[in-house]
Number of protein chains: 2
Amino acid sequence: MNLSIAEENYIKSIYKLQEGDTVVTTNALAYELETKPASVTDMAKKLKDKKLIDYEKYKGFTLSAEGKKIALQIVRRHRLWECFLVDKLHFSWEEVHELAEELEHVRSEKLTNRLSEYLGNPLFDPHGDPIPDANGKLTKPRPQTSLDQATAKRVVVTAVTDQSTALLAFLNAKHIKLSTQLEIVEHYEYDNSIEIKIKQQPSITISEQVAKNIMVRPV
Amino acid sequence: MNLSIAEENYIKSIYKLQEGDTVVTTNALAYELETKPASVTDMAKKLKDKKLIDYEKYKGFTLSAEGKKIALQIVRRHRLWECFLVDKLHFSWEEVHELAEELEHVRSEKLTNRLSEYLGNPLFDPHGDPIPDANGKLTKPRPQTSLDQATAKRVVVTAVTDQSTALLAFLNAKHIKLSTQLEIVEHYEYDNSIEIKIKQQPSITISEQVAKNIMVRPV
DNA sequence: AATATTATTTAGACAAATCTAAATCATAAA
DNA sequence: TTTATGATTTAGATTTGTCTAAATAATATT
Ligand SMILES: [Mn+2]
Ligand SMILES: [Mn+2]
Ligand SMILES: [Mn+2]
Ligand SMILES: [Mn+2]
């Protein structure tokens, strides 16, 4: 199966939107890929012909087994490159997504596996997302809740849901990154903002919107 | 200047063929890029419009100053990725060209410079070719001759001219790589074959064709 | 149930990159 | 200097991925 970069991007986005097995709609995918619904319909036909998606007119689409396999390979490459950029080249986590978006399209199993080995076969990328192994198997995600739902007093950051540059830059400015330990000082009912403290630093208050996008686990 | 991958490949190939300032012909470039002369003419018009080459119908072409600058950036990325693949991921030198052919198209100065730094700002790639610095300046190539012209008795391998997988695989099998020290034992006039010895190993005889493509310097 | 709204598809067009076949140019040979 | 050969360009097509505008289907509202 020889896929173009465009086809790979579609496959990956369908995978992302589908979460489990929800049907993906034309408009949602167009929005995700910053393209137009008409273009999505065109591509849907191509991917259906290649048996990578199940698709009936007006009924939305989901990845086929083969499509899912390919999606996991792309996601694997994407997340491994993100690890490389952060761990080895010392990029900060909000910079790496865009670069990985291109690097992920270099299709070489040997390269991918060597890279993984070189990085110590990491299980999670810099944003806390699990990295599929060479067989496409995902590590079971660690038990986690969003920061606004957390009940424990001391938590550690495991992931960031919204990976917009804006949020990641904000977190960077506040020195909140993956594995950062937070102490939840106060939960203000008025606007659901949360006061948190990172050890050795003065406590800060973050909005509900931010807290919703920070995933944490106890201790 | 936003170039497509195809345009970048053309620029790089023109750079390669032009060596100094020789005019590049349509057919030569078509052969190099494994495409057809008609396609080259089409692209020549585009690159001329973008002022990356000087081109008049039927007169061949050369890179403009801007084109040369871009070529050097692509070459820099290509050779740095080759270093990465060999030094860090332990690929052998005959495998890396193809992968670098894709990785070179990720255009990010920051990534390129970080990668260079990470590798210790290497001056030569795994095939002995010089790596342009961030300003496009090339290290003066070391004084070298092809193995069949060498006069010194003991030489060290500095580059390989023909980078076909076939030759590189042959050299690999004979344990000849960059920086390998060779002792020239005998030069047979009959077919211009050369008997060489790598320390600790029985001597071997290589053909003139191979010797012509191995560059060496004394000591 | 009829109508309005929104989602999706179709029709037709365009740019990029390629190709084949035919035409044209440059030049080497006679 | 004419002719033959090879190199190069042009004309016209094709594929891929995209778009706008119009048509149609699905769904929500009255
Ligand atoms: Mn991508
Ligand atoms: Mn990520
Ligand atoms: Mn390339
Ligand atoms: Mn090289």
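Chain A is the first sequence line, chain B the second, and so forth, proteins listed ahead of strands; every chain is numbered from 1.
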- prompt: Are any of S4(A)'s side-chain N or O atoms less than 4.0 Å away from OP1 or OP2 of dG17(D)?
  reply: yes
task: Report yes if at least one side-chain N or O of K45(A) is closer than 4.0 Å to OP1 or OP2 of dT10(C); otherwise report no.
output: yes
statement: Note: for S39(A) and Y58(A) on DNA chain D, the residue whose nearest nucleotide lies more 5' is S39(A)
Phosphate OP1/OP2 of dT18(D): any Y10(A) side-chain N/O under 4.0 Å: yes
- prompt: Would a line drawn from the ring center of F84(A) to the ring center of F84(B) be shorter than 6.0 Å?
  reply: yes
message: Is any side-chain heavy atom of H127(A) closer than 4.5 Å to one of L168(A)?
response: yes
query: Expressed in angstrom and rounded to an integer, what is the separation of K59(B) atom NZ from dT27(C) atom C1'?
result: 14 Å
Whole-Å gap separating C1' (dT24(C)) and CD (E56(B)): 17 Å
task: Would you mind reading off the distance between K57(A) atom NZ and dA26(D) atom C1', rounded to a whole angstrom?
output: 14 Å
Salt bridge present between E104(A) and K12(A) (N-O < 4.0 angstrom): yes
message: Quick one about Q144(A) and T158(A) (side-chain donor to acceptor, distance below 3.5 Å, no hydrogens or angles considered), yes or no?
response: yes
message: Regarding Y55(A), tell me which of base, sugar-phosphate or nothing describes its non-hydrogen contacts under 4.0 Å with the strands shown.
response: sugar-phosphate
task: Taking the six-membered ring of Y118(A) (Phe, Tyr or Trp), confirm whether the NZ or CZ of K88(A) is under 6.0 Å from its centre and within 45° of its axis.
output: yes
message: Main chain of P132(B), side chain of R76(B): is a donor-acceptor contact present, judged purely on distance under 3.5 Å?
response: yes
- request: Could you check how far CG of N9(B) sits from C1' of dT18(C), rounded to whole Å?
  value: 14 Å
query: Heavy-atom contacts under 4.0 Å between residues 11-33 of chain B and DNA chain C, which residues?
result: none
field: Backbone of S92(A) reached by a side-chain donor or acceptor of E95(A) within 3.5 Å
entry: yes
task: Round to the nearest Å and state the distance from L3(B) atom CG to dA17(C) atom C1'.
output: 15 Å
task: Rounded off to whole Å, could you give me the CD1-to-C1' distance for the I5(B) and dA15(C) pair?
output: 17 Å
Length of the line joining D42(B):CG and dA21(C):P, which is rounded to integer Å: 16 Å
K46(B) side chain near dA17(C) phosphate (N/O to OP1/OP2, under 4.0 Å): yes
Rounded distance in Å - NZ (K36(A)) to P (dA21(D)): 11 Å
